[in-house]
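Structure record follows, encoded as structure tokens.
What you see below is based on every heavy atom in this structure, not just the backbone, and it leaves out hydrogens, waters and symmetry mates. As the structure lists them, so they are numbered: ligands from 1, and atoms in each ligand from 1.
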Amino acid sequence: MSDVRVRIAPSPTGFFHIGNAKTAVINWLFARSRGGTFVLRLEDTDTERSKPEYADIICEALHWLGISWDEGPDFAGEPQAGDLGPYRQSERRDLHLGEAQRLLESGNAFKCFCTKEELDAERERAQAQKRPPRYNGKCRNLPAEDIDAKGGAPFAIRFKVPEGQTILDDMVQGTVKTENKEFDDFIIVKPNGDPVFHLAVVVDDGLMKITHVIRGDDHLSNAMRHKMLFEALGYDVPKFAHLPMVLDEHGKKYSKRLHGANLLDWRDDGYLPSTMLNYLVLLGWTPSEEGRELFTPEELIDAFDETRLGKSAGKFDLKKLQWLNGQHIRMMSVEALCEALLPIMKTAGLDTATKDEAWLLRMTEICQEKIPTLNDIVPYTEFFFNGVTEYEEKPVKKNWRKEGVVERMDAMLVAMESVSDWTADALKESFTALSESMGVGLGQFTNPSRLALTGKAVGPGLFELAELLGRDEAIRRMRNGIAHIQALEPQA
Ligand code: GLU
């Protein structure tokens, strides 16, 4: 194993957002491609918004994506993994406070006794004078006797921002430079004794020996403070990579309210985890093989190279995602696909228990090349189970109101009755012969008969589905179709 150690540090305050998922995928690929360690740390210190069930959702989403962590909290009966835990930030409070104490002792932090009222008044003065609100440094250099004289008065601990500049060589954003005087002496422990995010994240990354902090670019300005804290605490400063966020199809930040913001919406919509892994990385990374888009997880691990992480935000493209999902479906083994489809069919009320395994595998095979999502299996196969309950209006207009359609349907019925071997190949041969002998295109036969057999315009290949329906049922449906055409009201 290499020294590379990366982490994701999601806050369990809601569902697992696709932005978080993208960050997770990139960290995971980085770790796996470098033979490093991937750590999951739950930043659950916001006691009001964090909930254990949200933590479970994060773990579940990662499991679904196929992202396994080498170190992380216990989950679903699995014990905590790793020696540098605990991996729930709420359980690390003593470590954070101990490190804050160390900063006080080394003179890199100080106790601030300013009351909320004083700070509010200072803020209002700044506003009135149109100055940015800043801490005025009142307690920065309090003599020891003044501090002693405060007795048990509550205090915050503030970090003493050093003079000079902070320069970050970000792996994605390039060199970012700030003058330290732009920063206040910021609070690292609140007067109620709670460590602040900046302290907690740096102490955790430092003690967990994280070598690369790869996260959303909403944390870029925080990273300047973090770097100062890393240095003051004497930890090795990790490399930083701040990734652009995921944008929706209109180029706006992917809102939490949008369908699909929750990674697991895609699972519910019938997308494969391998598709999402593939798609999410493409939102922020370009492979060196120009134009290539389709990757299995293993291929991604081989191809991933952090130097090709992009600086501009990836815009969500549903068409591309659908296409990619179709490709991933085609790459599955028929057995694995069938296994993934059966629960979806059962949930939709299709009684798959009435079919044997060979039938179900064949059904899978004839749909594998066609369905864009797993959920499409339901409209693609429900007619096998439910019969034809109605005929879609549009294809009825298009196919069943054509000149000569009854003659063609009748001819097909005869052909079906006389085909000796009820297989897709034999059916195709006999329909092709009909089309040639009657001098009419094959579509004039297949489209109206598809409607009779399935009630729909779209579905698996006609000859294949007819084979699976069986001769008697197919013929019965053809007869019903013909009767329906004959009973159609003349068009106004
Ligand atoms: N808990 C932070 C968040 O969810 C992550 C901070 C980090 O990755 O450093 O935004």
Whether F159 and F186 hold their rings parallel, tilted or perpendicular, with breakpoints at 30° and 60°: tilted
Protein contact to atom 5 (C) of ligand 1 [nearest heavy atom, distance to 0.1 Å]: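 Atom 5 (C) of ligand 1 sits closest to the protein heavy atom A9 O, 3.3 Å.
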For atom 4 (O) of ligand 1, the protein heavy atom that lies nearest, with its residue and separation: S11 OG, 3.4 Å
Within-cut-off N or O pair, R7 and ligand 1, under 3.5 Å: yes
Chi angles and distances behind the side-chain hydrogen bond (donor to acceptor under 3.5 Å, both in side chains) call for Q80, Y87: CA-CA 8 Å; Q80 165 179 305; Y87 296 91; 5.6 Å; no
Salt-bridge criterion met for E299 and R292 (N-O under 4.0 Å): yes
Salt bridge flag under 4.0 Å for residues E60 and R267: yes
Chi angles and distances behind the side-chain hydrogen bond (donor to acceptor under 3.5 Å, both in side chains) call for T373, D376: CA-CA 5 Å; T373 73; D376 285 297; 2.7 Å; yes
Proximal ligand 1 atoms for V201, defined as those under 4.0 Å from one of its heavy atoms: 9 (O)
Interfacing atoms of ligand 1 (cut-off 4.0 Å, heavy-atom, E43):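 Near E43, the atoms of ligand 1 are 1 (N), 2 (C), 5 (C), 6 (C).
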Closest to atom 3 (C) of ligand 1 (judged by heavy-atom distance), picking from H17, R215, H219: H219
